[in-house]
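Numbered from 1 within each chain, the chains take letters A, B, ... in sequence-line order. Model, not experiment: these values are computed from the prediction.
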2 protein chains.
Amino acid sequence: MPPRNHGPYTTESVDDYLKAILELGGLAEERVTSNALAQHLGVRAASVTGMLQKLAAQKPPFVKYEKHHGVRLTAAGKMRALEVLRHHRLLERFLHDFLDYSWDEVHDEAERLEHFISEQLEDRIAAKLGDPETDPHGHLIPERSGALPAREEVLLSKWACGVAAVISSVSDRDPAALREMTRLGLKPGVAITVETGTRNASLRVRIGERSDSVRLSQMLASGISVIAGPNGRARNLLADSHEANQAESRLP
Amino acid sequence: MPPRNHGPYTTESVDDYLKAILELGGLAEERVTSNALAQHLGVRAASVTGMLQKLAAQKPPFVKYEKHHGVRLTAAGKMRALEVLRHHRLLERFLHDFLDYSWDEVHDEAERLEHFISEQLEDRIAAKLGDPETDPHGHLIPERSGALPAREEVLLSKWACGVAAVISSVSDRDPAALREMTRLGLKPGVAITVETGTRNASLRVRIGERSDSVRLSQMLASGISVIAGPNGRARNLLADSHEANQAESRLP
DNA sequence: TTTAAGATTTAGTCATGCCTAAACTTATAG
DNA sequence: CTATAAGTTTAGGCATGACTAAATCTTAAA
Ligand SMILES: [Mn+2]
Ligand SMILES: [Mn+2]
Ligand SMILES: [Mn+2]
Ligand SMILES: [Mn+2]
């Protein structure tokens with residue numbers, strides 16, 4: 001049931017592939033491999049190849065595909081991916097703010113509905129919310145135009161010990177992890193500092209105004225992204241300086 | 001993407017077939033022919049046969065199907081049809097009351113989304129609306145249990161001339177017709193009386209408190225259902241006494 | 001440079017749902 | 001009691017989007 005918006009019609013599957021390519025390729029538009037897509041989408045690599053060939057072959061192609069070397073989105077493909085991402089995040093914000101969903105419940109519902117709401121409903125929801133900038137997990141909501149400001153976010157596990165940071169966003173994929181974060185007071189906007197010398201299976205952190213510290217599992221820490229803290233320390237003092245910029249905020 | 005609720009999983013197509021059977025068979029559960037379904041769903045009769053055979057064959061069957069003699073819903077099929085109908089009408093009420101949709105815009109959006117909202121979202125929407133009894137067009141919303149009170153509604157075109165009536169519901173299928181009704185002040189709850197002796201291509205009616213009368217096209221009149229008016233006249237004084245009870249309120 | 005492991009693509013299937021054309025029932029008029 | 005029209009089902013296909021198994025590239029180690 002395609003007739004949903006204006007542009008080239010897309011199916012739910014196509015939307016999912018485009019979103020996955022945007023997420024895995026990052027805003028930097030890097031090439032994405034079939035295998036990575038297969039894993040992310042939960043389908044076999046052979047299925048991915050088939051779909052990529054179709055997306056690359058259609059009238060206005062959604063991807064540029066080079067055999068054995070992965071794909072990247074075309075302008076049209078990126079536009080549609082950002083459109084779906086906007087739907088997802090607006091829906092999460094709406095479900096959370098207007099329909100009493102907790103932040104660990106919004107993702108699944110939004111993931112399903114994002115493919116089916118019309119541009120009109122998107123607009124009405126955005127208007128009702130006052131054009132919000134972020135979803136309940138701190139992720140930035142693309143504008144109608146597709147504009148999506150980049151933010152120098154870094155995974156907490158890559159952040160330097162002892163340097164004050166503020167949580168910018170958290171992964172919305174694991175409801176149990178989100179509930180655990182709620183219990184610990186971890187949410188976007190909260191200050192956090194990693195205690196020096198704790199970078200093994202778990203790390204100790206000081207959260208918000210509290211004087212005690214708690215131990216975070218690597219699992220939990222890997223779902224938290226941060227930006228420089230209020231005491232304005234330099235932002236590139238990263239723990240593992242190499243390949244530290246691959247955080248990219250877990251797209252959806 | 002089935003995993004939406006509890007019961008036997010259904011696809012969007014299956015939902016549409018079940019809804020169509022409920023609508024065409026009426027609450028009286030009459031058998032529905034392949035042809036009627038084909039026309040209603042906009043597919044070929046051969047496609048209908050194929051689907052009916054599948055629906056009748058599955059583990060807990062959704063329909064009882066007798067070759068060459070039409071189908072009727074089983075309890076499971078009726079339950080799912082009413083569930084989807086509840087989604088549709090709740091969504092219409094929600095879009096209308098909370099998201100500034102006009103009553104001629106709600107149908108298409110609801111028709112698409114009804115298949116994809118979770119039971120949780122259904123509940124939250126119902127709660128937010130205070131468990132409404134009708135949608136913006138006056139149609140009754142089935143309860144969560146599937147209960148749907150019957151109402152002795154009759155098409156305006158079958159109602160006796162000169163007998164006061166009240167609009168109970170209007171068809172939501174034609175946006176242009178709905179806008180025309182708005183212009184004329186025709187909506188659920190409004191009193192209406194057909195002037196005697198006007199039962200041809202169009203009929204003159206007196207609307208609400210107004211003293212003048214207007215001419216309604218058969219098109220418009222066929223989309224309006226009424227119940228006995230405030231001055232309590234008998235309800236079975238129907239114009240065309242035979243086959244007058246087939247009104248059944250245009251389900252979705 | 002060679003080669004094997006790993007990644008990727010091709011080939012051949014399958015399930016859904018729809019379509020057309022042809023065969024077949026049922027119901028109705030003579 | 002038939003013949004014919006109308007309604008319905010069967011047969012054979014097509015498009016999507018996934019899967020398995022087998023073939024083919026790439027790449028990196030030897
Ligand atoms: Mn999705
Ligand atoms: Mn989110
Ligand atoms: Mn539908
Ligand atoms: Mn309605």
Side-chain angles (χ1 to χ4, degrees), chain A residues 1-4 8-21 24-25 30-59 61-72 77 80-81 84 111-112 115-116, chain B residues 1-4 8-21 24-25 30-59 61-72 77 80-81 84 111-112 115-116:
Chain A
M1 38 130 324
R4 187 184 332 135
Y9 294 157
T10 59
T11 61
E12 187 178 355
S13 262
V14 169
D15 279 353
D16 285 340
Y17 275 89
L18 297 179
K19 268 204 316 175
I21 296 169
L24 296 174
E30 316 208 1
R31 270 192 298 245
V32 179
T33 66
S34 302
N35 248 15
L37 283 170
Q39 193 192 340
H40 188 89
L41 294 167
V43 299
R44 280 18 245 281
S47 308
V48 173
T49 297
M51 180 62 95
L52 294 183
Q53 290 175 337
K54 214 172 30 180
L55 294 179
Q58 63 184 15
K59 333 18 161 31
F62 274 141
V63 304
K64 178 147 189 295
Y65 168 63
E66 287 169 292
K67 256 187 199 182
H68 292 286
H69 294 285
V71 278
R72 57 185 47 175
R80 176 61 191 167
V84 177
E111 185 70 22
R112 200 156 9 82
H115 309 287
F116 305 109
Chain B
M1 38 133 324
R4 189 181 330 136
Y9 295 158
T10 59
T11 62
E12 188 180 354
S13 262
V14 169
D15 278 354
D16 285 339
Y17 275 88
L18 297 179
K19 268 205 315 174
I21 296 169
L24 296 174
E30 317 209 0
R31 272 192 297 243
V32 178
T33 66
S34 303
N35 249 14
L37 283 170
Q39 192 192 340
H40 189 88
L41 293 167
V43 299
R44 282 13 247 280
S47 307
V48 173
T49 297
M51 179 62 94
L52 294 184
Q53 289 175 339
K54 215 172 29 182
L55 294 179
Q58 65 184 14
K59 328 31 164 17
F62 275 140
V63 304
K64 178 148 189 294
Y65 168 63
E66 286 169 292
K67 257 188 200 178
H68 293 286
H69 294 287
V71 278
R72 57 184 49 174
R80 178 60 190 168
V84 177
E111 184 70 23
R112 200 156 11 81
H115 310 287
F116 306 109

Taking atom CG of A/D16 and atom CD of A/E111, what is their separation to the nearest 0.5 Å? 6.0 Å

Could you measure the distance from the OG1 atom of B/T33 to the CG atom of B/L52? Nearest 0.5 Å is fine. 10.0 Å

How do B/T49 and A/G42 order along DNA chain D: which one's closest nucleotide is nearer the 5' end? B/T49

Looking at residues 30-38 of chain B, who's got a heavy atom less than 4.0 Å off DNA chain C? none

Taking everything shown except B/Q39 itself, do over 12 heavy atoms lie less than 6.0 Å from its CD? no

Would you say the side chain of A/V32 lies within less than 4.5 Å of the side chain of A/Y17, judging by non-hydrogen atoms? no

Just call it for B/S13: base, sugar-phosphate, or nothing, with non-hydrogen atoms closer than 4.0 Å on any strand. sugar-phosphate

All side chain to side chain contact (heavy atoms under 4.5 Å, CB included) counterparts of A/Q53, not counting sequence neighbours: A/T49, A/Y65

Test of understanding: with side chain to side chain contact (heavy atoms under 4.5 Å, CB included), list the residues that count as partners of A/E66, not counting sequence neighbours. A/R31, A/K64, A/H69

Output all residues satisfying salt bridge (charged side-chain N to carboxylate O under 4.0 Å, His left out) with B/R44, sequence neighbours left out; order by chain, then residue number. none

Point-to-point distance, once rounded to the nearest 0.5 Å, from CE of B/M51 to OG of B/S34: 13.0 Å

Nucleotide range of DNA chain D contacted by chain A, 5' to 3', under 4.0 Å to a heavy atom? D/dT16 to D/dC25

For residues A/V14 and A/K54, determine if any side-chain heavy atom of one lies less than 4.5 Å from a side-chain heavy atom of the other. no

Criterion side-chain contact (heavy atoms from CB on, under 4.5 Å) against A/L55, the qualifying member of A/T10, A/L18, A/V71: A/L18

Can you pull the contact range of chain A along DNA chain C, 5' to 3', using atoms under 4.0 angstrom from its heavy atoms? C/dA7 to C/dT10

